[in-house]
Amino acid sequence: MEHLSYAMDVPGVQYFQPQPVTLRRLAPQSQFWLYTPFVLGPRTDLLHTFNQLPVNRRFVVSFEMELPRNLGTPAAWQDRYSRKVLRSDRCRQILPMSDAARNFFMRRIAPQDRAMMSSKTDVFRGAVSAPDPSWQREERRPGDPIRLLFVGGEGLRKGLGAAVSAVETLNAGGVETHLTVISRVTEQTYAVPGVHFPGAELSERLHKAAWITQHASLPNHEVRALMMRHDALMLPSVDESLGWVVIEAGLSGLPVIASDMFAIPELVTHGETGWLLPMELDADRRWRHLARPSARDNWDGLQTGFAAGITRAVEDIAADADLVPRYGTAARAKLEPIYLPEQAARHLEAIYTRALER
């Protein structure tokens, strides 16, 4: 019922795929029913779920940000029930996937429950496989253009406009830069609710620029292969719960230029493995204006700041031929001990052991 252990061979553990049954058809707009399934299928010692709080069986639950994931405006009884399940003995371990997610979760726990919930909580970051060993990084030769990669399904929220603006500025200023885009132009985002951003002008810029190659989407293995042929990944995103593409880039030895929010600083060390783009943050380390009435008035300034930060980072790359391999080596050294399946499997084995002993 989760996707964090599929790449891992955990000693002494045999996985089965159970069948979750929900009542979501009765209330398709309700997140509560989606994330509180009744579980059928093989009898197991333990369930490992992602976001879901099953109504039966013992379980551990992984999550990237919200838990319980009753988004929107759940009924009061639904929120009470979800929190009761988390407090119950059936819930053996709570596994945020970052320190930021742990802090987000604990800030929403009632004071009288914090000690007990903290004792159940252990940051487990999941696993990401290493790049194909047959792939070799293609370092940029002197005189070649700087090669930037942008990956993200929702172009508006992920900062596609800022990325394109930065590369336009770089080329106009004499820093020859090529951009590969794996994304679509989108015109709406939950980050700025109720606002339509016309995408025709950005689509035309993407289409006409000779230095841009765009793919609407690509299979993951092709994206990861492309990482070996670029100098930096850009993720100037307004909101992210984690940033798996940042982890994949780091494991590929690819420096990252990303927004300084939520869990991303746990993945990127500014000035050592990449660059972090500043933004106004709230107590949860999310954009201060996210999904608020003030979002529209602050959107353009945020995007302009992102574009300027990307421009400065690429100018750093242009000025130092050794910067990309140096940052890339440091990124691998930072992330491999955390995310490679062998290390993650040992952590998960300890989690399952504790859960069964509780």
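Remark: R137 CZ is packed, more than 12 non-hydrogen atoms of other residues, nucleotides or ligands lying under 6.0 Å away.
Here R58 does not pair with D89 in a salt bridge; the nearest charged N to carboxylate O distance is not below 4.0 Å. Taking the charged nitrogens against the carboxylate oxygens, R83 and D79 do have a contact shorter than 4.0 Å, which makes a salt bridge. Remark: E342 does not engage R346 in a salt bridge, criterion side-chain N to carboxylate O under 4.0 Å. Taking a cutoff of 4.0 Å between a charged side-chain nitrogen and a carboxylate oxygen, D99 and R102 do not qualify as a salt bridge. Between D282 and R288 there is no salt bridge, since no side-chain N of the basic residue sits under 4.0 Å from a carboxylate O of the acidic one. Salt bridge annotation for D45-R57: absent, with no cationic side-chain nitrogen under 4.0 angstrom from a carboxylate oxygen. Salt bridge status for E66 with R108: absent, with no side-chain N to carboxylate O gap under 4.0 Å. Taking the charged nitrogens against the carboxylate oxygens, E154 and R184 have no contact shorter than 4.0 Å, which rules out a salt bridge.
If you look at F124 and H347, their ring centroids are closer than 6.0 Å. Aromatic pair W77/F32: centroids less than 6.0 angstrom apart. For Y15 and H48, the ring centers are positioned 6.0 Å apart or more.
Counting only residues at least two apart or on different chains, no ring-ring contact (aromatic ring centres under 6.0 Å, His included) pair has a member in residues 201-230. Sorted by first and then second residue, the pairs that involve residues 325-334 and meet salt bridge (Lys or Arg N to Asp or Glu O under 4.0 Å), not counting sequence neighbours, are D320-R326, R332-E336.
For Y327, the ring pair (Phe, Tyr, Trp, His ring centres under 6.0 Å) criterion is met by W275, not counting sequence neighbours.
Below 30°, between 30° and 60°, or above 60°: for W287 and W299 the angle between ring planes is above 60°, a perpendicular geometry.
Between the side chains of T36 and Q52, not a single donor N or O lies within less than 3.5 Å of an accepting N or O.
Side-chain contact check for M227 versus E248: some heavy-atom pair is nearer than 4.5 Å.
Side chain of S259 to backbone of M261: no donor-acceptor contact under 3.5 angstrom is found.
Applying the salt bridge (charged side-chain N to carboxylate O under 4.0 Å, His left out) test between D239 and each of R157, R286, R285, K158 identifies R286 as the sole match.
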